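Structure in C-alpha coordinates, see below.
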2 protein chains.
Amino acid sequence: MGDLVRETGVSRGGIYSDFSGKQELFHACLDHYQEAVVTPVFAQVEAEDAGIDSIRCYFDNLLSGFEAMEGFGIGCLVGNTLTQIDPSEEVTQEKLQAHCTRLFNGFRKVLARENGPDGPLSAAELDDLAHFTMISAQGLWSYSRLTDDAAILRRYAETLIASIETRLRGAAS
Amino acid sequence: MGDLVRETGVSRGGIYSDFSGKQELFHACLDHYQEAVVTPVFAQVEAEDAGIDSIRCYFDNLLSGFEAMEGFGIGCLVGNTLTQIDPSEEVTQEKLQAHCTRLFNGFRKVLARENGPDGPLSAAELDDLAHFTMISAQGLWSYSRLTDDAAILRRYAETLIASIETRLRGAAS
DNA sequence: CTTGTTTTGGAATGTTCGTTCCAATAAGTT
DNA sequence: AACTTATTGGAACGAACATTCCAAAACAAG
(Lines give C-alpha, C1' and ligand atoms only; values in the text may rest on other atoms or scores of the structure.)
Protein backbone atom coordinates (compact mmCIF):
# COMPACT_ATOMS: atom_id res chain seq x y z
CA MET A 1 0.00 0.00 0.00
CA GLY A 2 2.92 2.30 0.70
CA ASP A 3 4.19 1.61 -2.79
CA LEU A 4 0.84 2.58 -4.26
CA VAL A 5 0.76 5.83 -2.33
CA ARG A 6 4.26 6.67 -3.48
CA GLU A 7 3.84 5.67 -7.10
CA THR A 8 0.35 7.07 -7.70
CA GLY A 9 0.61 10.18 -5.58
CA VAL A 10 -2.80 9.40 -4.11
CA SER A 11 -3.12 9.57 -0.35
CA ARG A 12 -3.90 6.55 1.78
CA GLY A 13 -7.22 8.04 2.74
CA GLY A 14 -7.99 8.71 -0.89
CA ILE A 15 -7.45 5.09 -1.83
CA TYR A 16 -9.55 3.83 1.05
CA SER A 17 -12.35 6.24 0.29
CA ASP A 18 -12.61 4.88 -3.26
CA PHE A 19 -12.03 1.22 -2.44
CA SER A 20 -13.02 -0.76 0.59
CA GLY A 21 -9.60 -2.36 0.78
CA LYS A 22 -6.83 -4.05 -1.10
CA GLN A 23 -9.02 -6.81 -2.40
CA GLU A 24 -11.55 -4.55 -4.05
CA LEU A 25 -8.75 -2.41 -5.39
CA PHE A 26 -7.13 -5.44 -6.92
CA HIS A 27 -10.35 -6.49 -8.59
CA ALA A 28 -10.58 -3.02 -10.08
CA CYS A 29 -7.00 -3.38 -11.31
CA LEU A 30 -7.88 -6.58 -13.13
CA ASP A 31 -10.84 -4.85 -14.78
CA HIS A 32 -8.72 -1.89 -15.72
CA TYR A 33 -5.99 -4.12 -17.10
CA GLN A 34 -8.58 -5.81 -19.24
CA GLU A 35 -9.62 -2.66 -21.01
CA ALA A 36 -6.36 -0.73 -20.89
CA VAL A 37 -3.97 -3.53 -21.85
CA VAL A 38 -5.80 -6.55 -23.18
CA THR A 39 -8.36 -4.80 -25.33
CA PRO A 40 -5.87 -2.78 -27.41
CA VAL A 41 -3.54 -5.70 -28.02
CA PHE A 42 -6.32 -8.16 -28.72
CA ALA A 43 -8.61 -5.86 -30.71
CA GLN A 44 -7.21 -6.98 -34.07
CA VAL A 45 -8.00 -10.61 -33.30
CA GLU A 46 -11.49 -9.65 -32.25
CA ALA A 47 -12.13 -7.62 -35.39
CA GLU A 48 -15.01 -8.93 -37.45
CA ASP A 49 -12.92 -9.74 -40.49
CA ALA A 50 -9.74 -10.85 -38.74
CA GLY A 51 -7.81 -13.71 -40.34
CA ILE A 52 -4.91 -15.84 -39.26
CA ASP A 53 -2.62 -12.88 -39.74
CA SER A 54 -4.27 -11.19 -36.79
CA ILE A 55 -3.06 -14.04 -34.59
CA ARG A 56 0.42 -13.80 -36.01
CA CYS A 57 0.27 -10.09 -35.40
CA TYR A 58 -0.96 -10.57 -31.84
CA PHE A 59 2.02 -12.74 -30.97
CA ASP A 60 4.30 -10.43 -32.84
CA ASN A 61 3.21 -7.57 -30.62
CA LEU A 62 3.82 -9.61 -27.49
CA LEU A 63 7.26 -10.49 -28.78
CA SER A 64 8.13 -6.91 -29.58
CA GLY A 65 7.37 -6.20 -25.96
CA PHE A 66 9.67 -9.00 -24.82
CA GLU A 67 12.42 -7.85 -27.13
CA ALA A 68 12.12 -4.25 -26.03
CA MET A 69 12.89 -4.93 -22.41
CA GLU A 70 16.28 -5.84 -21.12
CA GLY A 71 16.75 -8.65 -18.65
CA PHE A 72 13.84 -10.65 -17.36
CA GLY A 73 10.23 -9.73 -17.83
CA ILE A 74 7.59 -9.37 -15.18
CA GLY A 75 4.98 -11.29 -17.12
CA CYS A 76 1.33 -10.50 -17.54
CA LEU A 77 -0.98 -9.43 -14.73
CA VAL A 78 -3.56 -12.05 -15.60
CA GLY A 79 -1.01 -14.81 -16.03
CA ASN A 80 0.80 -13.97 -12.82
CA THR A 81 -2.44 -13.74 -10.88
CA LEU A 82 -3.44 -17.13 -12.22
CA THR A 83 -0.64 -18.84 -10.33
CA GLN A 84 -0.70 -16.59 -7.30
CA ILE A 85 -4.31 -16.48 -6.29
CA ASP A 86 -5.96 -18.87 -3.92
CA PRO A 87 -8.38 -20.79 -6.17
CA SER A 88 -11.10 -20.28 -3.57
CA GLU A 89 -11.04 -16.52 -4.20
CA GLU A 90 -14.01 -16.66 -6.50
CA VAL A 91 -14.28 -13.09 -7.73
CA THR A 92 -10.73 -13.11 -9.04
CA GLN A 93 -11.09 -16.61 -10.38
CA GLU A 94 -14.10 -15.53 -12.43
CA LYS A 95 -12.28 -12.55 -13.84
CA LEU A 96 -9.42 -14.78 -14.92
CA GLN A 97 -11.85 -17.20 -16.49
CA ALA A 98 -13.57 -14.37 -18.31
CA HIS A 99 -10.20 -13.32 -19.67
CA CYS A 100 -9.39 -16.80 -20.91
CA THR A 101 -12.83 -17.19 -22.42
CA ARG A 102 -12.32 -13.92 -24.20
CA LEU A 103 -9.05 -15.07 -25.72
CA PHE A 104 -10.56 -18.41 -26.59
CA ASN A 105 -13.52 -16.83 -28.35
CA GLY A 106 -11.28 -14.44 -30.24
CA PHE A 107 -9.03 -17.19 -31.51
CA ARG A 108 -11.92 -19.51 -32.11
CA LYS A 109 -13.70 -17.09 -34.43
CA VAL A 110 -10.58 -16.39 -36.43
CA LEU A 111 -9.82 -20.07 -36.81
CA ALA A 112 -13.37 -20.88 -37.84
CA ARG A 113 -13.31 -18.10 -40.39
CA GLU A 114 -9.98 -19.30 -41.70
CA ASN A 115 -11.20 -22.88 -41.82
CA GLY A 116 -14.21 -21.86 -43.85
CA PRO A 117 -17.51 -23.71 -44.19
CA ASP A 118 -15.93 -26.85 -45.66
CA GLY A 119 -12.50 -26.69 -44.10
CA PRO A 120 -10.67 -29.71 -42.77
CA LEU A 121 -11.43 -28.98 -39.12
CA SER A 122 -14.56 -29.93 -37.24
CA ALA A 123 -16.17 -27.67 -34.65
CA ALA A 124 -14.59 -29.72 -31.88
CA GLU A 125 -11.19 -29.47 -33.52
CA LEU A 126 -11.59 -25.72 -33.80
CA ASP A 127 -12.34 -25.63 -30.09
CA ASP A 128 -9.21 -27.62 -29.39
CA LEU A 129 -7.06 -25.44 -31.56
CA ALA A 130 -8.42 -22.26 -29.99
CA HIS A 131 -7.73 -23.64 -26.53
CA PHE A 132 -4.33 -24.68 -27.73
CA THR A 133 -3.55 -21.16 -28.85
CA MET A 134 -4.86 -19.57 -25.69
CA ILE A 135 -3.05 -21.89 -23.30
CA SER A 136 0.16 -21.67 -25.31
CA ALA A 137 0.08 -17.91 -24.97
CA GLN A 138 -0.04 -18.47 -21.23
CA GLY A 139 3.06 -20.64 -21.39
CA LEU A 140 4.79 -17.95 -23.37
CA TRP A 141 4.06 -15.34 -20.72
CA SER A 142 5.27 -17.61 -17.95
CA TYR A 143 8.50 -18.48 -19.62
CA SER A 144 9.16 -14.87 -20.55
CA ARG A 145 9.86 -14.28 -16.86
CA LEU A 146 12.67 -16.81 -16.90
CA THR A 147 14.64 -16.09 -20.02
CA ASP A 148 16.24 -12.95 -21.35
CA ASP A 149 16.59 -14.57 -24.74
CA ALA A 150 13.62 -13.23 -26.64
CA ALA A 151 14.65 -15.25 -29.68
CA ILE A 152 13.55 -18.44 -27.93
CA LEU A 153 10.17 -16.89 -27.29
CA ARG A 154 9.89 -15.75 -30.86
CA ARG A 155 10.68 -19.19 -32.19
CA TYR A 156 8.11 -20.60 -29.80
CA ALA A 157 5.46 -18.36 -31.29
CA GLU A 158 6.58 -19.25 -34.80
CA THR A 159 6.36 -22.95 -34.01
CA LEU A 160 2.92 -22.44 -32.55
CA ILE A 161 1.61 -20.55 -35.55
CA ALA A 162 3.20 -22.98 -37.97
CA SER A 163 1.42 -25.84 -36.27
CA ILE A 164 -1.88 -23.96 -36.38
CA GLU A 165 -1.43 -23.37 -40.08
CA THR A 166 -0.54 -26.98 -40.66
CA ARG A 167 -3.75 -28.00 -38.98
CA LEU A 168 -5.74 -25.53 -41.03
CA ARG A 169 -4.16 -26.97 -44.14
CA GLY A 170 -5.56 -30.32 -43.13
CA ALA A 171 -2.68 -32.33 -41.67
CA ALA A 172 -3.43 -35.41 -39.57
CA SER A 173 -5.08 -34.64 -36.27
CA MET B 1 5.73 -20.83 9.35
CA GLY B 2 2.93 -21.75 11.71
CA ASP B 3 1.47 -23.93 8.99
CA LEU B 4 4.77 -25.73 8.57
CA VAL B 5 5.04 -26.41 12.27
CA ARG B 6 1.52 -27.77 12.36
CA GLU B 7 1.73 -29.85 9.20
CA THR B 8 5.22 -31.27 9.65
CA GLY B 9 5.16 -31.73 13.41
CA VAL B 10 8.61 -30.18 13.59
CA SER B 11 9.11 -27.45 16.15
CA ARG B 12 9.91 -23.88 15.26
CA GLY B 13 13.34 -24.20 16.83
CA GLY B 14 13.92 -27.39 14.89
CA ILE B 15 13.24 -25.71 11.60
CA TYR B 16 15.45 -22.76 12.42
CA SER B 17 18.29 -25.01 13.55
CA ASP B 18 18.31 -26.78 10.19
CA PHE B 19 17.69 -23.76 8.01
CA SER B 20 18.79 -20.19 8.45
CA GLY B 21 15.35 -18.88 7.54
CA LYS B 22 12.44 -19.13 5.19
CA GLN B 23 14.47 -18.36 2.13
CA GLU B 24 16.98 -21.15 2.62
CA LEU B 25 14.16 -23.49 3.53
CA PHE B 26 12.38 -22.63 0.32
CA HIS B 27 15.48 -23.28 -1.74
CA ALA B 28 15.71 -26.69 -0.08
CA CYS B 29 12.07 -27.30 -0.96
CA LEU B 30 12.77 -26.61 -4.62
CA ASP B 31 15.67 -29.05 -4.55
CA HIS B 32 13.59 -31.66 -2.82
CA TYR B 33 10.73 -31.17 -5.25
CA GLN B 34 13.15 -31.75 -8.06
CA GLU B 35 14.19 -35.19 -6.89
CA ALA B 36 10.98 -36.26 -5.17
CA VAL B 37 8.47 -35.11 -7.78
CA VAL B 38 10.14 -34.19 -11.04
CA THR B 39 12.63 -37.04 -11.27
CA PRO B 40 10.09 -39.85 -10.94
CA VAL B 41 7.65 -38.37 -13.42
CA PHE B 42 10.32 -37.34 -15.89
CA ALA B 43 12.57 -40.40 -15.59
CA GLN B 44 10.96 -42.17 -18.52
CA VAL B 45 11.68 -39.25 -20.83
CA GLU B 46 15.27 -39.17 -19.60
CA ALA B 47 15.76 -42.89 -20.14
CA GLU B 48 18.51 -43.68 -22.64
CA ASP B 49 16.22 -45.38 -25.11
CA ALA B 50 13.12 -43.25 -24.65
CA GLY B 51 11.04 -42.54 -27.74
CA ILE B 52 8.14 -40.26 -28.50
CA ASP B 53 5.91 -42.51 -26.44
CA SER B 54 7.75 -41.42 -23.33
CA ILE B 55 6.60 -37.86 -24.01
CA ARG B 56 3.07 -39.01 -24.56
CA CYS B 57 3.34 -40.97 -21.36
CA TYR B 58 4.75 -38.00 -19.46
CA PHE B 59 1.78 -35.85 -20.39
CA ASP B 60 -0.56 -38.71 -19.74
CA ASN B 61 0.73 -38.93 -16.18
CA LEU B 62 0.23 -35.21 -15.67
CA LEU B 63 -3.28 -35.54 -16.98
CA SER B 64 -4.12 -38.44 -14.75
CA GLY B 65 -3.15 -36.20 -11.89
CA PHE B 66 -5.44 -33.44 -13.15
CA GLU B 67 -8.28 -35.87 -13.63
CA ALA B 68 -7.83 -37.41 -10.21
CA MET B 69 -8.42 -34.20 -8.31
CA GLU B 70 -11.75 -32.55 -7.95
CA GLY B 71 -12.16 -28.84 -8.46
CA PHE B 72 -9.24 -26.62 -9.30
CA GLY B 73 -5.64 -27.67 -9.09
CA ILE B 74 -2.85 -25.97 -7.24
CA GLY B 75 -0.40 -26.23 -10.10
CA CYS B 76 3.25 -27.17 -9.98
CA LEU B 77 5.72 -25.78 -7.45
CA VAL B 78 8.18 -24.80 -10.13
CA GLY B 79 5.55 -23.26 -12.36
CA ASN B 80 3.94 -21.34 -9.55
CA THR B 81 7.28 -20.10 -8.29
CA LEU B 82 8.13 -18.92 -11.77
CA THR B 83 5.38 -16.32 -11.69
CA GLN B 84 5.66 -15.48 -8.01
CA ILE B 85 9.32 -14.88 -7.47
CA ASP B 86 11.03 -11.57 -7.82
CA PRO B 87 13.30 -12.07 -10.85
CA SER B 88 16.15 -10.51 -8.92
CA GLU B 89 16.15 -13.42 -6.50
CA GLU B 90 18.98 -15.15 -8.26
CA VAL B 91 19.28 -18.42 -6.37
CA THR B 92 15.66 -19.31 -7.04
CA GLN B 93 15.86 -18.05 -10.59
CA GLU B 94 18.78 -20.37 -11.27
CA LYS B 95 16.97 -23.35 -9.85
CA LEU B 96 14.00 -22.64 -12.08
CA GLN B 97 16.28 -22.31 -15.07
CA ALA B 98 17.96 -25.57 -14.20
CA HIS B 99 14.56 -27.22 -14.12
CA CYS B 100 13.59 -25.86 -17.51
CA THR B 101 16.93 -26.83 -18.98
CA ARG B 102 16.42 -30.31 -17.63
CA LEU B 103 13.04 -30.63 -19.33
CA PHE B 104 14.42 -29.13 -22.49
CA ASN B 105 17.32 -31.57 -22.61
CA GLY B 106 15.05 -34.51 -21.90
CA PHE B 107 12.66 -33.62 -24.68
CA ARG B 108 15.45 -32.63 -26.99
CA LYS B 109 17.16 -36.02 -26.78
CA VAL B 110 13.96 -37.90 -27.38
CA LEU B 111 13.09 -35.76 -30.36
CA ALA B 112 16.56 -36.10 -31.85
CA ARG B 113 16.42 -39.86 -31.42
CA GLU B 114 12.99 -39.96 -32.98
CA ASN B 115 14.12 -37.75 -35.82
CA GLY B 116 17.03 -40.05 -36.56
CA PRO B 117 20.25 -39.16 -38.38
CA ASP B 118 18.53 -38.16 -41.62
CA GLY B 119 15.21 -37.00 -40.29
CA PRO B 120 13.36 -33.99 -41.60
CA LEU B 121 14.34 -31.73 -38.71
CA SER B 122 17.55 -29.76 -38.38
CA ALA B 123 19.35 -29.32 -35.06
CA ALA B 124 17.87 -25.85 -34.72
CA GLU B 125 14.40 -27.17 -35.41
CA LEU B 126 14.87 -29.84 -32.78
CA ASP B 127 15.83 -27.11 -30.33
CA ASP B 128 12.69 -25.20 -31.22
CA LEU B 129 10.49 -28.22 -30.87
CA ALA B 130 12.01 -29.13 -27.50
CA HIS B 131 11.47 -25.60 -26.25
CA PHE B 132 7.99 -25.74 -27.65
CA THR B 133 7.22 -28.87 -25.67
CA MET B 134 8.74 -27.56 -22.48
CA ILE B 135 7.00 -24.20 -22.59
CA SER B 136 3.70 -25.78 -23.55
CA ALA B 137 3.88 -27.99 -20.48
CA GLN B 138 4.20 -24.79 -18.48
CA GLY B 139 1.04 -23.41 -20.06
CA LEU B 140 -0.72 -26.62 -19.22
CA TRP B 141 0.22 -26.34 -15.55
CA SER B 142 -0.90 -22.74 -15.40
CA TYR B 143 -4.25 -23.35 -16.98
CA SER B 144 -4.85 -26.40 -14.82
CA ARG B 145 -5.34 -23.97 -11.94
CA LEU B 146 -8.20 -22.27 -13.71
CA THR B 147 -10.32 -25.05 -15.10
CA ASP B 148 -11.90 -28.06 -13.51
CA ASP B 149 -12.48 -29.57 -16.93
CA ALA B 150 -9.60 -31.97 -17.31
CA ALA B 151 -10.85 -32.91 -20.76
CA ILE B 152 -9.73 -29.55 -22.09
CA LEU B 153 -6.28 -30.14 -20.68
CA ARG B 154 -6.16 -33.60 -22.17
CA ARG B 155 -7.11 -32.34 -25.59
CA TYR B 156 -4.46 -29.67 -25.24
CA ALA B 157 -1.84 -32.33 -24.66
CA GLU B 158 -3.16 -34.37 -27.56
CA THR B 159 -3.00 -31.37 -29.85
CA LEU B 160 0.54 -30.68 -28.71
CA ILE B 161 1.72 -34.22 -29.29
CA ALA B 162 -0.06 -34.42 -32.61
CA SER B 163 1.74 -31.32 -33.78
CA ILE B 164 5.07 -32.70 -32.61
CA GLU B 165 4.44 -35.88 -34.54
CA THR B 166 3.42 -33.94 -37.59
CA ARG B 167 6.70 -32.08 -37.45
CA LEU B 168 8.64 -35.29 -37.03
CA ARG B 169 6.86 -36.64 -40.05
CA GLY B 170 8.21 -33.74 -42.01
CA ALA B 171 5.38 -31.24 -42.40
CA ALA B 172 6.17 -27.67 -43.38
CA SER B 173 8.05 -25.72 -40.74
C1' DC C 1 20.35 -42.89 38.86
C1' DT C 2 23.07 -38.86 37.34
C1' DT C 3 24.85 -35.88 34.22
C1' DG C 4 25.14 -33.87 29.87
C1' DT C 5 22.89 -33.06 25.41
C1' DT C 6 18.86 -32.41 22.16
C1' DT C 7 14.53 -31.32 21.22
C1' DT C 8 10.19 -29.25 22.17
C1' DG C 9 6.20 -26.08 22.97
C1' DG C 10 5.21 -21.88 23.08
C1' DA C 11 5.98 -17.20 24.97
C1' DA C 12 8.39 -12.97 23.65
C1' DT C 13 10.29 -9.79 20.27
C1' DG C 14 10.62 -7.09 16.31
C1' DT C 15 9.11 -6.03 11.79
C1' DT C 16 5.98 -5.48 8.08
C1' DC C 17 1.91 -3.92 6.51
C1' DG C 18 -3.28 -3.19 6.03
C1' DT C 19 -6.41 -0.11 7.86
C1' DT C 20 -8.18 3.82 10.49
C1' DC C 21 -8.06 8.41 12.27
C1' DC C 22 -7.43 13.18 12.49
C1' DA C 23 -5.54 17.75 12.46
C1' DA C 24 -4.10 20.64 8.80
C1' DT C 25 -4.75 22.22 4.35
C1' DA C 26 -6.91 22.95 0.01
C1' DA C 27 -11.00 23.61 -2.82
C1' DG C 28 -15.48 25.06 -3.57
C1' DT C 29 -19.62 27.95 -2.56
C1' DT C 30 -22.38 32.01 -1.33
C1' DA D 1 -14.34 37.09 3.47
C1' DA D 2 -16.89 33.43 5.82
C1' DC D 3 -18.27 28.97 5.75
C1' DT D 4 -18.74 24.30 4.20
C1' DT D 5 -16.92 20.34 2.10
C1' DA D 6 -13.13 17.36 0.19
C1' DT D 7 -8.42 15.93 0.39
C1' DT D 8 -3.98 15.24 2.26
C1' DG D 9 0.07 13.70 5.00
C1' DG D 10 1.23 11.00 8.23
C1' DA D 11 0.70 9.30 12.96
C1' DA D 12 -1.47 5.48 15.28
C1' DC D 13 -3.44 1.06 15.76
C1' DG D 14 -3.84 -3.79 15.20
C1' DA D 15 -3.15 -8.08 12.94
C1' DA D 16 -0.06 -11.26 10.84
C1' DC D 17 4.06 -13.27 10.91
C1' DA D 18 9.28 -14.30 10.82
C1' DT D 19 12.62 -14.98 14.12
C1' DT D 20 14.59 -15.64 18.71
C1' DC D 21 14.71 -17.38 23.28
C1' DC D 22 14.17 -20.39 27.04
C1' DA D 23 12.36 -23.35 30.62
C1' DA D 24 10.69 -27.88 30.58
C1' DA D 25 10.71 -32.35 28.79
C1' DA D 26 12.83 -36.15 26.36
C1' DC D 27 16.78 -38.60 25.40
C1' DA D 28 21.61 -40.55 25.64
C1' DA D 29 25.84 -42.05 27.89
C1' DG D 30 28.32 -43.39 31.82
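Order of the sequence lines sets the chain letters (A, B, ...), proteins ahead of strands, with each chain counted from 1. Quantities reported herein were computed from a predicted structural model and do not represent experimental measurements. Values reported hereafter were calculated over all heavy atoms of this structure, with side chains retained and with hydrogens, waters and symmetry mates removed.
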Point to revise | Integer-rounded Å distance: D:dT19 C1' and B:L25 CG | key: 13 Å
Revision key, fill the gap. By ring pair (Phe, Tyr, Trp, His ring centres under 6.0 Å), B:Y156 pairs with (sequence neighbours left out) A:F132
Check your understanding: Hydrophobic cluster mates of B:F72, side-chain heavy atoms under 4.5 angstrom, ILVMFWY only, any path?
Key -> none
Practice item. Using whole Å, report how far CD of B:E24 lies from P of D:dT19. Key: 11 Å
Study note, to complete from the structure: Sorted by chain and residue number, the side chain to side chain donor-acceptor pair (under 3.5 Å) partners of A:R12 (sequence neighbours excluded) come out as none
Review point. Does A:F59 have any ring pair (Phe, Tyr, Trp, His ring centres under 6.0 Å) partners at least two apart in sequence or in another chain, and if so, which?
Key: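 With sequence neighbours excluded, A:F59 shows a ring pair (Phe, Tyr, Trp, His ring centres under 6.0 Å) to no residue whatsoever.
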Exercise for review: Could you state the atom-to-atom distance from CZ of B:F26 to P of D:dT19 in whole Å?
Suggested key: 14 Å
Study note, to complete from the structure: ring pair (Phe, Tyr, Trp, His ring centres under 6.0 Å) filter on A:F26, not counting sequence neighbours, yields none
**Study point:** Any residue of residues 3-22 of chain B with a heavy atom less than 4.0 Å from an atom of DNA chain D
**Key:**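 Correct list: B:R12, B:Y16, B:G21, B:K22.
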